[in-house]
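First comes the structure, then the notes that go with it.
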2 protein chains.
Amino acid sequence: MRSLETPSLRTAMTLVTEGLRTGELVTLFGCCRVEYDGRAASTLGSGNRHVLLKPDGTALVHTATGQQPVNWQPPGCTHTVAMDEGALVVTSERETPAEQLTIRFESLEHVGSFQVTDEPEGVSVVGTEADLSDHLLENPSLLESGFTPLATERETTAGAIDIYGTDSEGRTVVVELKRRRVGPDAVSQLRRYVDALHRELHTDAEIRGILVAPSVTGRATSLLEEHDLEFVALEPPSRDV
Amino acid sequence: MRSLETPSLRTAMTLVTEGLRTGELVTLFGCCRVEYDGRAASTLGSGNRHVLLKPDGTALVHTATGQQPVNWQPPGCTHTVAMDEGALVVTSERETPAEQLTIRFESLEHVGSFQVTDEPEGVSVVGTEADLSDHLLENPSLLESGFTPLATERETTAGAIDIYGTDSEGRTVVVELKRRRVGPDAVSQLRRYVDALHRELHTDAEIRGILVAPSVTGRATSLLEEHDLEFVALEPPSRDV
DNA sequence: GTTTCGATATCGACC
DNA sequence: GGTCGATGTCGAAAC
């Protein structure tokens, strides 16, 4: 680990170069301009920002506000650093798609380079759609009495159905799960699966489509009624509600 | 600006407390465990991570890999710092929805606090869907000869139509724009708008639905044909293609 | 590689 | 505050 307060740009360049070479995580804070050109294009005028360069090729530029970086480059990019016309220029670029991020520092308040230990295990998240699926498969009556799940991720030409099964009267049931409140997009998704199943099964028999989520918006409710689809309110498990 | 190498946890707490109080951007690098509980729940074992606390209440926890933070808290949260059982504990929490992020440092390699100047102007991005819309409105024949735009963001019960107009034969045209390659979701969106317009106009006359994007996936192409919708290939402008 | 869909999506606009 | 749709969405899994 090495860290420098108010370094000269040239000194910082040496530290950043060495940090990138040895696979460390590099941070910079200072006054810079940023330009991006690739899938879109953007420019950002001079100001103080925090820059994070990861050993996997990720680059992030953060201002004082917002969860998202104001500019970034995804993993797999190549970081380079150089002096140009008195400025410290950090570039991060990739091909496919061709895009380039250029950060031009005119002054620096801090630069650091840090060794990151391997992650022993990743983050484990509870409360996802997969958990909701498990919960429902273990307790099919949460959907309705007599529901029998037959398959998960059942493939159709329109995509994979979350849960596929039958109801107490033997009708086919298509279940689409969402871990949070749903809008029109989820209704359309469910409808595509029901339509696809009608075609594939070559049947005139009723196929029920049921959207399972904590709640539903008004416009989505209208869409559900319009297409004879149903809604069952169900929260993801393992939440301290 | 203040910056400390391998600070004691207690010294770091003082610097972080002061940085949060004065509205500075605070960074920490060290060995920590992270827990989150709220919309979902997650745990992350011990390891070296980079933590960024913004004056707007954003918290970000980054590992060596990935563009996205491994844990985070959105803007508007309240950051607090305290010592607990020999560890430096940073918490970030909010209500509505109730969620809390807890970062427990057992050691620190660096802590810093930086003043961020106001952004004189934000980032300006070129190549968005709005640019594609402007481009098409200025050159309607890019869609097809004889196309006449009548409105943008025309409201329907299903949502707003990107561009609404008529073709050379006076038929109503619904245009849905996407700045990048489209999948089935965009086709469903266009279909909802065309259906809504049929109902609202109380007409049996043909309404054409045209999806405009750089390209389209196979399954989306099938969906387009299935519902008698059309596709026109068009790139967003201002890209150096 | 492409395609598809989930996400603690985030973000902005509008109501 | 809720709703809706865009995003340089990101990320993973299936193919």
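These figures come from a predicted structure and were not determined experimentally. Proteins come first, then strands; the chains are lettered A, B, ... in the order of their sequence lines, and each starts at number 1.
Within the structure, side-chain hydrogen bond (donor to acceptor under 3.5 Å, both in side chains) contacts touching residues 223-232 of chain A (residues at least two apart or in different chains) are A:Arg191-A:His227, A:Arg208-A:Glu230, A:Glu226-B:Arg199. Among pairs with a residue in residues 96-105 of chain A, those fulfilling salt bridge (Lys or Arg N to Asp or Glu O under 4.0 Å) read A:Arg39-A:Glu99, A:Asp84-A:Arg104, A:Arg94-A:Glu99, at least two apart in sequence or across chains.
Computed from coordinates, the A:Leu211 CG to C:dG6 P distance equals 11 Å when rounded to whole Å. The separation between B:Asp134 atom CG and D:dA6 atom C1' is 15 Å, rounded to whole Å. When the P atom of C:dT4 is taken as reference, atom CD of A:Gln189 falls 12 Å away, rounded to whole Å. The distance between atom CD1 of A:Ile161 and atom P of C:dT4, rounded to the nearest whole Å, is 16 Å. Between the NZ atom of B:Lys54 and the C1' atom of C:dC11 there is a distance of 13 Å, rounded to whole Å. In this structure, CG of B:Asp131 is placed 13 Å from C1' of D:dA6, rounded to the nearest angstrom. Straight-line distance from the CG atom of B:Asp185 to the P atom of C:dT3: 13 Å, rounded to whole Å. When rounded to the nearest whole Å, the span between CZ of B:Arg181 and C1' of C:dT4 equals 12 Å.
Taking atom C1' in both D:dA6 and C:dA7, the straight-line distance is 16 Å, to the nearest Å. When the P atom is used for both D:dG8 and D:dC4, the distance is 22 Å, rounded to whole Å. The same atom, C1', is picked in D:dT7 and in C:dC5; the two are 16 Å apart, to the nearest Å.
Nearer the 5' end of DNA chain D, as judged by each residue's closest nucleotide, is the contact made by B:Thr96, out of B:Thr96 and A:Arg219.
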Taking protein heavy atoms under 4.0 Å as touching, what does nucleotides 7-15 of chain D look like 5' to 3' if B marks base contact, S marks sugar-phosphate-only contact and - marks none? SBBSS----
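B:Glu176 meets the side chain to side chain contact (heavy atoms under 4.5 Å, CB included) test with B:Asp162, B:Lys178, B:Gln189, B:Leu190, B:Tyr193, B:Leu211; sequence neighbours excluded. Here B:Arg49 pairs with A:Glu119 under the salt bridge (Lys or Arg N to Asp or Glu O under 4.0 Å) rule; sequence neighbours left out. With sequence neighbours excluded, the residues forming a side chain to side chain contact (heavy atoms under 4.5 Å, CB included) with A:Glu35 are A:Thr43, listed by chain and number.
With 3.5 Å as the limit, one finds no donor-acceptor pair spanning the side chains of B:Ser188 and B:Asp185. A:Arg33 and A:Ser46 share no donor-acceptor pair across their side chains, judged by distance under 3.5 Å alone.
In this structure, B:Glu176 reaches the sugar-phosphate backbone alone: every heavy-atom distance under 4.0 Å involves primed, P, OP1 or OP2 atoms, never a base. Within 4.0 Å of A:Ala186, counting heavy atoms only, lies no atom of the nucleic acid at all.
For D:dG8, there is no paired base (Watson-Crick or G-U wobble, both distances below 3.5 Å).
Contact between the side-chain N/O atoms of B:Thr217 and the OP1/OP2 oxygens of C:dT2 is not found at any separation under 4.0 Å. For the OP1/OP2 pair of D:dC4 and a distance below 4.0 Å, the side-chain nitrogens and oxygens of B:Tyr193 include no atom meeting the criterion.
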